[in-house]
There are 2 protein chains.
Amino acid sequence: MENVTIKDIARALNLSTSTVSRALRGSYEINPETKRLVMEYAEKLNYRPNPIALSLKGSSSRAIGVIVPQIANYFFSQAINGIEAIAYNRGYHVIIFQTHESYEREVANVQQAMARKVDGLLISLSSETSDVNHLQDLLQRNLPLVQFDRVSEELNTTKVVADNYAGAFAATEHLIKSGRRRIAHLTIPRWMSITQERLAGYRAALEQYGIPFDENLVRYGTFGPDEALGMVDELLAQSPRPDAIFTASDRLALGALAALRQRHISIPDEMSIIGFTNLNVADLLSPSLSTVVQPAQEIGQAAAERLIELIERKHRAMPPNTVVIPSHLEVRESTRVASSTAS
Amino acid sequence: MENVTIKDIARALNLSTSTVSRALRGSYEINPETKRLVMEYAEKLNYRPNPIALSLKGSSSRAIGVIVPQIANYFFSQAINGIEAIAYNRGYHVIIFQTHESYEREVANVQQAMARKVDGLLISLSSETSDVNHLQDLLQRNLPLVQFDRVSEELNTTKVVADNYAGAFAATEHLIKSGRRRIAHLTIPRWMSITQERLAGYRAALEQYGIPFDENLVRYGTFGPDEALGMVDELLAQSPRPDAIFTASDRLALGALAALRQRHISIPDEMSIIGFTNLNVADLLSPSLSTVVQPAQEIGQAAAERLIELIERKHRAMPPNTVVIPSHLEVRESTRVASSTAS
DNA sequence: TTGTACGCGTTATCAT
DNA sequence: ATGATAACGCGTACAA
């Protein structure tokens, strides 16, 4: 029942550990007969190579690190699900680290991941992170690194992201076509990649339909709790009032929804909401909100696939590129009604 | 840049590795002066002991394994969040394994976790699991093991669970007090601990209010997708129809909600729903459903705390016990309305 | 107080 | 085709 080692097999078969080791990995310079013997015995004893010893030896640890802001988040939990699925059937394990949106913890987590000798690292930046030297170091050490969702252009790595620009464009366009003109944008910290991409899509749609961009309609949040209410109140204080809200996250969408209810604003008559969310949340919100659905799981899968490619073909120089996974607009009643109102 | 080892320090300071090793861990039998020297130099070089080497050496790996059915699940992602929080500030890492509700993968995951030399294991059983020999083995090897949420009584370990009985009782009682009499129960596989506890609470409430238990009103599902519709249709075919549904999971609650909408059953006039969910989902469902809120994060925290206690043997032979975290009923409009209807 | 030698499980290198 | 040995980084019995 105790763990079987190469030594055990060697002793039992009167061989040396090196022979057993070679036989096990099917070395061509070994007697087929011996090989068979070893294989069978190993099978019988249910031998499994000790990954710890392998890691120490310096070869692969068969583990990949995943650094995310939070696990208890619809997007990331689904992304991790996708990552784990790919990793599992490629024989890798997933070690998870949470930054809780803290730069310090991100740095610490990177160090820990290195100490654990992960074969590669998947990372989605914390909202506090602007300096990426801790990751530049890794690249210089040639560690396989893939960024996903929240990425930094300063890092020359493969990136896997949702099509934030197109998603934001589609959402804004849909609101415009539903007859809305004063479309507010509730979003997340200014400097993040996803914030800027979504803002750009929002602006582009406004421009295309000849609606002037109004700085006052854009509100940047942090990831703090319950901040949507304050933001919504600020918007409601303006005149004329906004007639729609496009939010950059599921939390803000839900927060805005709750805030409008609390202020007795009727949806969709007085206001429409479209949020950037993901499948789980979209289902839950049905039929009250239209949403831009982020393919969280696919992003995770794609990121894991790229990383494992990188790990296993380290020698070959694959140029880093950016993989954009489409996000699609899922139209629900609230905006449909508004749409008919507008026509 | 490169990772600093004890050897590097020893060479630089003209000491032996053992002296350095002892100095680093503050052995009392070392020259204070030498100790200081070593400490300072180690600090300067930002020395970190290699966890892999430590694991191989056989002492602690400072990692705990967490085996759950799924990560992309509201309950488990929050539970993991709680686990990670505790683990992090106790200096442990979390390695996550998903069983995807498969017994085979659960067994494989347990083996993998052992191979990774985790210091302890937190597990929530897959829905397929009835044989627990793979875990009995661990206990015999004296591996710290804590079960949470979905537990097996056959295993003599510490268990951390929600108060499923009381939660189900409260939900059922609330429906009864709202005037409902034919309360259906949509639940999950029969043999699971949580299923039985919730069923018991449901039955106890019926009994207390003199409502006969009707086997036909209880439907057992698997964890398959979209199964709620079929279950609801079966219930609707009965006469008299049920006038309320108590579901054992958030998925079933949402599924039942969708099914009733699809069949044009008005809620709460014709039917009430109460589901076992957790905070995230409860918020999202608001204000349409009352829910029994499961303290997922607290369960994770409590489980991690117990496990780490076990690992560090704070208390010598601590007898395994069961920690029950209260779950509370959160009443929302749908059943309130029904309540006024009934009066 | 400090150093030497060994072992954890494995593979790579150099014999034989 | 197979065996002996060193090495990965660390802790510790044993020696000095």
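Hydrogens, waters and symmetry mates play no part in the numbers below; they use all other heavy atoms, side chains included.
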Within the structure, does a side-chain N or O atom of [X] lie under 4.0 Å from either OP1 or OP2 of [N]?
X	N	result
K7(A)	dC8(C)	yes
Y47(B)	dG9(D)	no
S21(B)	dG11(D)	yes
S16(B)	dT4(C)	no
T5(A)	dG9(C)	no
T34(B)	dT2(C)	yes

Kindly say whether, by distance alone, the side chain of R22(B) makes a donor-acceptor pair under 3.5 Å with the base of dG3(C)?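 Yes, a donor-acceptor pair under 3.5 Å.
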Looking only at N and O atoms, is any donor in the side chain of S18(A) or the base of dA4(D) less than 3.5 Å from an acceptor on the other one?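 Indeed there is one.
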Using atom [atom1] of [X] as one end and atom [atom2] of [N] as the other, report the distance to the nearest whole Å.
X	N	atom1	atom2	value
I52(A)	dG9(C)	CD1	P	11 Å
K117(A)	dC10(D)	NZ	P	9 Å
I9(A)	dG9(C)	CD1	P	12 Å
L13(A)	dA1(D)	CG	P	18 Å
L24(B)	dG9(D)	CG	C1'	12 Å
L56(A)	dG9(C)	CG	P	12 Å
L37(B)	dT2(C)	CG	P	10 Å
K57(B)	dC8(C)	NZ	C1'	6 Å

Most 5' of K35(B) and A53(B) on DNA chain C, judged by nearest nucleotide: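 Its nearest nucleotide being more 5', the pick is K35(B).
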Indicate whether the side chain of [X] and that of [Y] have a donor and an acceptor atom separated by less than 3.5 Å.
X	Y	answer
Q70(B)	N81(A)	no
S102(B)	E128(B)	no
Q147(A)	T157(A)	yes

Would you check, one step at a time, whether the test side chain to side chain contact (heavy atoms under 4.5 Å, CB included) holds for L125(B) with L135(B)? CA-CA 10 Å; L125(B) 265 30; L135(B) 297 170; 3.8 Å; yes
So [X], base contact, sugar-phosphate only, or nothing? Heavy-atom distance under 4.0 Å.
X	answer
Y28(B)	nothing
D8(B)	nothing
L15(A)	sugar-phosphate

Which nucleotide, dT10(C), dC8(C), dC10(D), lies nearest any side-chain atom of L54(B)?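 Output: dC10(D).
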Heavy atoms from C-beta onward define the side chain here; which of dT1(C), dA12(C), dC8(C) lies closest to that of R25(A)?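 For the R25(A) side chain, the nearest candidate turns out to be dA12(C).
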Kindly determine whether F75(A) and D149(A) satisfy side chain to side chain contact (heavy atoms under 4.5 Å, CB included), including the steps that lead there. CA-CA 10 Å; F75(A) 178 81; D149(A) 193 47; 3.5 Å; yes
For E154(A), is there any backbone N or O sitting under 3.5 Å from a side-chain donor or acceptor partner on Q136(A)?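 Yes, the answer is positive, given that a donor and an acceptor are paired below the 3.5 Å cut-off.
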